[in-house]
Amino acid sequence: MAAKLLKGADVAKEIREELKAEVEAMKAKYGVVPGLVTILVGENPASQSYVRAKQKTAHELGFYSVQDNQPADLSEDKLLALIDKYNKDPKIDGILVQLPLPKGVDENKILLSIDPGKDVDAFHPVNVGKLMIGKPDYLPCTPAGIQELLVRSGAPIEGAEVVVVGRSNIVGKPIAMMLMQKGKGANATVTVCHTRTKDVKFHTKRADILIVAAGVTEYVTGDMIKPGAVVIDVGVNEVGKTADGKRILKGDVAFEAASEVASAITPVPGGVGPMTITMLMKNTVRACKVHNNIKD
Ligand SMILES: NC(=O)C1=CN([C@@H]2O[C@H](COP(=O)(O)OP(=O)(O)OC[C@H]3O[C@@H](n4cnc5c(N)ncnc54)[C@H](OP(=O)(O)O)[C@@H]3O)[C@@H](O)[C@H]2O)C=CC1
Ligand SMILES: Nc1nc(=O)c2c([nH]1)NC[C@@H]1CN(c3ccc(C(=O)N[C@@H](CCC(=O)O)C(=O)O)cc3)C=[N+]21
Ligand SMILES: [Mg+2]
């Protein structure tokens with residue numbers, strides 16, 4: 001039996017259409033549009049392509065959007081000054097500093113310098129802390145996209161055994177935190193695996209919902225999945241290029257084999273990735289409303 005495909009790309013498109021209408025209404029009624037700046041330091045090709053996708057989406061939704069590219073050798077002080085400029089810029093509602101940053105730049109120090117009210121990635125410790133106590137202003141984009149896909153898949157999350165492979169600050173830790181909270185689309189029992197986990201398969205095999213964010217191509221094989229599980233593949237790994245130069249992407253899950261075992265699974269591409277970008281837009285619309293005291 002083949003698993004149901006959880007098409008993030010389609011869900012993301014629906015949400016973007018709602019956001020677009022919301023932006024048009026804000027513009028007509030209040031004369032404001034959401035402003036987003038994406039700061040990219042250096043020339044990492046994957047980062048360039050993600051940032052381009054974010055800018056393109058912001059543009060489509062009618063945002064004021066700024067793409068700020070900086071050289072790889074930009075000093076930490078100059079980056080801090082740049083962020084300070086956008087913190088003070090009333091046209092900017094959301095600031096995204098694309099990660100990873102070049103070596104020599106203290107990522108923590110940079111994330112701390114972003115105004116938490118403009119932190120549409122929700123990576124600032126204030127926003128991380130608010131998430132942890134169950135009172136978030138902004139949800140981190142990839143975990144928010146995952147949760148939305150899970151809710152729409154119709155799989156029960158409450159009481160479910162959720163296993164997350166990966167404990168990064170941008171995916172593994174926050175999704176684990178969100179799904180263990182008290183509340184709707186949550187109340188799960190969460191286990192987190194990482195490279196020091198003794199027996200990853202022992203855990204993944206027990207998962208009703210398996211979320212994989214390890215960054216290892218096709219790490220999860222069919223035999224690691226419980227029959228009927230819902231599998232969320234966060235991994236985006238470039239495994240080569242097509243003849244015309246397009247990136248060939250694979251996930252952290254061996255898709256074909258997993259589809260034979262799981263009840264539902266996200267494809268790569270077209271699964272979590274497009275949801276991430278759309279949640280960034282959602283956070284930026286929200287930030288704009290807060291900054292302009294718009295209540296509807
Ligand atoms: N679709 C989307 O929107 C997004 C996709 N991604 C993709 O998701 C993947 C993960 O990203 P990110 O969280 O930033 O990755 P990181 O490299 O920051 O973290 C990977 C995590 O996986 C764990 N891990 C790695 N190998 C194994 C293994 N063999 N067994 C068990 N655990 C392992 C690591 O453990 P340890 O801590 O012990 O090192 C670490 O916690 C990447 O492919 C990335 O491109 C990321 C963000 C958004
Ligand atoms: N400050 C910051 N915020 C981030 O949210 C952030 C980041 N840094 N650094 C890197 C990761 C990675 N990430 C992705 C977003 C979208 C896709 C995505 O849209 N993927 C498409 C394919 C894209 C393609 O074709 O190249 C898909 O899966 O269908 C992937 C990965 C956000 N990240
Ligand atoms: Mg990382």
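For clarity, every value in this text was computed on a predicted model and none was experimentally measured. Whatever order the structure lists them in is the order used to number ligands and atoms, beginning at 1.
In this structure, Glu18 has no side-chain hydrogen bond (donor to acceptor under 3.5 Å, both in side chains) partners at least two apart in sequence or on a different chain. The side-chain hydrogen bond (donor to acceptor under 3.5 Å, both in side chains) search around Asn87 returns none, not counting sequence neighbours. Under the rule for a side-chain hydrogen bond (donor to acceptor under 3.5 Å, both in side chains), Lys7 has no partner lying at least two apart in sequence or in another chain.
Listed by atom number, the atoms of ligand 1 under 4.0 Å from Gly273 heavy atoms are 1 (N), 3 (O). Numbered from 1 in the order shown, with element, the atoms of ligand 1 that lie under 4.0 Å from a heavy atom of Asn237 read 43 (O). Close approach of ligand 1 to Thr276 (heavy-atom distance below 4.0 Å) involves ligand atoms 2 (C), 3 (O).
Every N/O-N/O distance between Val171 and ligand 1 stays at or above 3.5 Å. Inclusion of Arg196 in the set of residues having an N or O under 3.5 Å from an N or O of ligand 1 is not warranted.
Here the straight-line distance linking atom CZ of Arg167 with atom NZ of Lys173 works out to 8.0 Å at 0.5 Å rounding.
At a heavy-atom distance under 4.0 Å, only side-chain atoms of Thr142, from C-beta outward, approach ligand 1. With a 4.0 Å cut-off on non-hydrogen atoms, Val216 touches ligand 1 through its side chain and not its backbone.
Residue Ala213 places a heavy atom less than 4.0 Å from ligand 1. Ligand 1 is never approached by Thr197 to a heavy-atom distance shorter than 4.0 Å.
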- prompt: Does the pair Tyr30 and Asp296 meet the rule for a side-chain hydrogen bond (donor to acceptor under 3.5 Å, both in side chains), with working shown?
  reply: CA-CA 11 Å; Tyr30 302 99; Asp296 51 62; 2.5 Å; yes

task: Check step by step if salt bridge (Lys or Arg N to Asp or Glu O under 4.0 Å) holds for Asp93 and Lys118.
output: CA-CA 5 Å; Asp93 299 295; Lys118 294 191 177 188; over 6 Å; no

Extract all N/O-N/O pairs under 3.5 Å that connect ligand 2 to the protein, and present each with both atom names and the distance rounded to 0.1 Å.
{"unit_1": "ligand 2", "atom_1": "1 (N)", "unit_2": "Val97", "atom_2": "O", "d": "2.8"}
{"unit_1": "ligand 2", "atom_1": "1 (N)", "unit_2": "Asp121", "atom_2": "OD2", "d": "2.6"}
{"unit_1": "ligand 2", "atom_1": "3 (N)", "unit_2": "Asp121", "atom_2": "OD1", "d": "3.1"}
{"unit_1": "ligand 2", "atom_1": "3 (N)", "unit_2": "Asp121", "atom_2": "OD2", "d": "3.2"}
{"unit_1": "ligand 2", "atom_1": "8 (N)", "unit_2": "Leu99", "atom_2": "N", "d": "3.0"}
{"unit_1": "ligand 2", "atom_1": "9 (N)", "unit_2": "Gln98", "atom_2": "NE2", "d": "3.0"}
{"unit_1": "ligand 2", "atom_1": "9 (N)", "unit_2": "Leu99", "atom_2": "O", "d": "2.8"}
{"unit_1": "ligand 2", "atom_1": "19 (O)", "unit_2": "Gly273", "atom_2": "O", "d": "3.4"}
{"unit_1": "ligand 2", "atom_1": "26 (O)", "unit_2": "Arg247", "atom_2": "NE", "d": "3.1"}
{"unit_1": "ligand 2", "atom_1": "26 (O)", "unit_2": "Arg247", "atom_2": "NH2", "d": "3.1"}
{"unit_1": "ligand 2", "atom_1": "29 (O)", "unit_2": "Gly270", "atom_2": "N", "d": "2.6"}

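Nearest-residue assignment for atom 20 (C) of ligand 1 (options Gly166, Gly8, Ala214, Ala46; heavy-atom criterion): Ala214.
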